[in-house]
**Q** 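Before anything else, here's the structure in question.
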Amino acid sequence: MIKAITNRDLVDAGIPGGSYLPSLTARGNRLLEDHSREDVIQRLKAIYKAEYTVPIVPLLEEGPELKVNLEAGNEAEQANLEACVTTMREAARTPTVRAAAILPDACPSGPAGTITVGGVIATENAIHPGMHSADICCSMMATNLGQVDPRAAMDAAFRHVRFGPLARNTPDRLTLDPQLLKEFEQNPFMREQKILHNAEVQLGTQGDGNHFYFIGISEQTGDTYIVSHHGSRGVGGHLYKLGMKEATKYTGSCSPETLPQNVWIEAESQTGQDYWEALQLARAWTKYNHSSVHDLIARDLGVTGQDRFWNEHNFVFKRNGLYYHAKGATPAWEGFADDNDSAGRTIIPLNMSQPVLIVKGRDNPDALGFSPHGAGRNMSRKAHKRTLEGRTMDEVFTEETAHIDARFQSGKIDTSELPSAYKNAESVIDQIDRMALATVVDRILPHGSIMAGECDAPWKQRRAAR
DNA sequence: ATGTCC
């Protein structure tokens with residue numbers, strides 16, 4: 001008579017303890033009728049692995065080849081290029097990744113192995129919150145005001161925009177589309193209280209950092225344009241956090257080697273579908289945010305402002321069965337969204353003293369179908385500040401904004417957003433052309449720019465006091 | 001970028 005197999009035998013054989021042990025043991029004892037004890041234990045180990053564990057996927061030995069659409073013109077740009085390649089190659093080892101590219105405005109962001117700004121990563125059945133970034137649906141919108149005095153447009157814009165982290169909407173100014181709110185409430189992510197709250201109180205606000213309103217003149221027609229740049233504010237900020245939490249949980253069980261910033265949500269799972277829908281709702285809110293403020297400005301000026309187009313540059317796009325994560329990259333193919341411009345126009349800003357480019361994307365496969373989203377930075381904000389040492393802020397401001405009406409809504413100059421903080425505009429334009437990323441169809445020549453400026457947010461003061 | 005760890 002062969003000795004029966006016990007739970008203890010399985011644990012001794014290396015199977016971790018758990019509530020499944022009795023059923024495994026019972027199956028083993030039935031197998032004992034035809035197989036040796038040794039053989040049965042081996043079989044049970046195999047059954048355990050196949051039925052009771054999620055397969056662990058290793059990092060790719062070497063990810064797909066990085067498509068480099070970036071040329072370095074000097075030593076600083078060379079250092080930037082090398083840093084971008086290193087971090088993107090590491091990110092591309094994440095098991096879900098099928099393709100990766102950098103664009104002429106690429107610069108690193110976050111810890112090693114993080115997708116760069118000016119970067120695109122395509123994945124299979126995976127949405128990576130860390131790859132579309134926290135500023136979900138950061139985007140550009142342009143409205144043609146017609147033959148309006150740009151000085152009047154600047155003043156009207158300044159009256160209606162609300163920059164800065166503390167900016168709030170008031171219900172007498174703008175109200176949220178009730179249908180959109182209803183859709184938020186039906187989504188497991190968007191019905192989060194903080195998201196619903198921010199959707200109301202941050203409506204028509206622009207935030208800070210590199211976000212802006214720009215007034216300029218079309219080179220082609222002489223018409224005055226509003227161009228705005230911002231994302232989904234706290235709405236997307238919170239959605240990003242919820243997404244990262246889900247992704248961290250999921251990836252921990254199947255790919256513990258994946259870097260914390262590269263975790264993902266299985267796109268085809270229920271959670272993945274809910275998150276995808278939540279991204280679309282954050283996008284809809286962002287569009288409403290841009291367009292409702294454009295409407296306020298147009299109405300103030302007594303025009304309709306109906307010729308309008310927009311594009312996101314921090315988002316996830318589904319194409320040919322893959323999920324394209326753009327972190328500061330402009331989609332350059334026809335039909336990237338169901339509401340993209342019928343004439344195929346997208347918007348690439350450079351810096352406040354340079355024209356905003358209106359382009360038609362060239363869907364270049366070497367750039368995975370994307371074009372840049374701006375000029376990009378060659379150095380960190382801190383490093384840029386160091387280059388200005390010894391000069392007063394007013395001096396630098398006056399020199400760099402001599403030909404435009406540059407306004408900071410907080411009243412304090414933010415030098416990290418002045419033109420010298422950004423890469424050389426001509427070089428970026430040249431690369432867009434030579435690398436066949438997009439065709440410039442118009443340029444909105446700069447008249448004026450509104451940004452947040454340095455802000456004294458309470459949490460910043462607390463940090464400074466320590 | 002985000003009231004930047006509820």
Side-chain angles (χ1 to χ4, degrees), chain A residues 105-111 114-119 128-141 161-169 189-190 192-213 228-249 260-261 263 275 278-279 281-283 285-286 289-290 312-316 325-329 349 373-377 380-382 384 408-410 414 416-417 421-422 450-466:
Chain A
D105 56 339
C107 53
S109 155
T114 307
I115 185 174
T116 60
V117 170
H128 296 250
M131 294 182 187
H132 58 56
S133 98
D135 192 10
I136 294 172
C137 199
C138 192
S139 45
M140 302 296 308
M141 186 176 278
V161 297
R162 295 193 182 176
F163 278 95
L166 300 172
R168 289 293 176 265
N169 182 43
F189 288 96
M190 302 306 270
E192 177 84 7
Q193 211 41 244
K194 272 184 199 165
I195 294 182
L196 295 176
H197 178 71
N198 278 328
E200 298 277 8
V201 303
Q202 294 188 345
L203 192 60
T205 70
Q206 291 76 37
D208 58 4
N210 61 2
H211 294 169
F212 64 76
Y213 260 72
S228 57
H229 173 223
H230 62 72
S232 51
R233 309 281 292 110
V235 170
H238 285 296
L239 174 59
Y240 167 78
K241 280 199 185 81
L242 296 175
M244 282 303 278
K245 202 169 142 190
E246 279 298 330
T248 302
K249 195 170 74 182
Q261 65 270 38
V263 294
Y275 190 69
L279 290 174
L281 291 173
R283 180 182 190 277
W285 186 89
T286 307
N289 194 2
H290 280 284
E312 60 271 53
H313 55 222
N314 285 359
F315 210 62
V316 188
H325 299 70
K327 179 164 161 183
H373 83 310
R377 295 174 186 274
S380 68
R381 286 163 192 262
K382 229 182 221 171
H384 172 252
F408 290 110
Q409 207 168 36
S410 72
D414 178 357
S416 72
E417 290 303 331
Y422 287 90
I450 307 169
M451 298 189 87
E454 292 276 10
C455 304
D456 296 319
W459 60 93
K460 277 187 184 174
Q461 289 176 340
R462 277 198 295 276
R463 184 180 295 176
R466 279 199 291 270

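In what follows, chains are A, B, ... by sequence order, proteins preceding strands, each numbered from 1.
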**Q** Could you tell me how far apart A:Leu242 (CG) and B:dT4 (P) are, to the nearest whole angstrom?
**A** 14 Å

**Q** Of A:Asp135 and A:Lys194, whose closest DNA chain B nucleotide lies nearer the 5' terminus?
**A** A:Asp135

**Q** Quick one: is A:Asn210 getting a side-chain N or O under 4.0 Å of the B:dA1 phosphate, OP1 or OP2?
**A** yes

**Q** Would you call the rings of A:His325 and A:His128 parallel, tilted or perpendicular, where under 30° means parallel and over 60° means perpendicular?
**A** perpendicular

**Q** Check the distance between B:dT2's P and A:Trp285's CH2 and give it to me in whole angstrom.
**A** 10 Å

**Q** Does this structure show an ion pair linking A:Arg168 with A:Glu200, if we count only N-O contacts that are shorter than 4.0 Å?
**A** no

**Q** Expressed in angstrom and rounded to an integer, what is the separation of A:Glu454 atom CD from B:dA1 atom P?
**A** 12 Å

**Q** Nearest-Å distance, CD (A:Glu192) to P (B:dT2)?
**A** 19 Å

**Q** Atom CD1 of A:Ile136 to atom P of B:dT4: distance rounded to whole Å?
**A** 16 Å

**Q** So what does A:His211 touch, heavy atoms closer than 4.0 Å: a base, only the sugar-phosphate, or nothing?
**A** sugar-phosphate

**Q** Whole-Å distance between B:dT2 C1' and A:Leu239 CG?
**A** 12 Å

**Q** Phosphate oxygens OP1/OP2 of B:dG3: is one of them under 4.0 Å from a side-chain N or O of A:Arg233?
**A** yes

**Q** Taking the side chain as every heavy atom from C-beta outward, state whether A:Glu417 and A:Asn210 have any pair of such atoms under 4.5 Å apart.
**A** yes

**Q** Within the 4.0 Å heavy-atom criterion, would you say A:Gly209 contacts the bases, only the backbone, or no part of the nucleic acid?
**A** sugar-phosphate

**Q** What is the distance, rounded to the nearest whole Å, between atom OH of A:Tyr240 and atom C1' of B:dC5?
**A** 13 Å

**Q** Can you sort out the partners of A:His211 under ring-ring contact (aromatic ring centres under 6.0 Å, His included), two or more places apart, ordered by chain and number?
**A** A:His229

**Q** Within this structure, what is the CZ-to-C1' distance between A:Arg381 and B:dT4, rounded to whole angstrom?
**A** 13 Å

**Q** Go through it in stages, so that I can follow the logic: the residues are A:Trp285 and A:Asn289, the test is side-chain contact (heavy atoms from CB on, under 4.5 Å), and I'd like the CA-CA distance, side-chain angles, deciding distance and then a yes or no.
**A** CA-CA 6 Å; A:Trp285 186 89; A:Asn289 194 2; 3.5 Å; yes

**Q** Could you tell me whether A:Gln202 contacts a base, only the sugar-phosphate backbone, or nothing, with contacts defined as non-hydrogen atoms closer than 4.0 Å?
**A** sugar-phosphate

**Q** Which nucleotide wins on minimum distance to the side chain of A:Arg168, given the candidates B:dT2, B:dG3, B:dA1?
**A** B:dG3

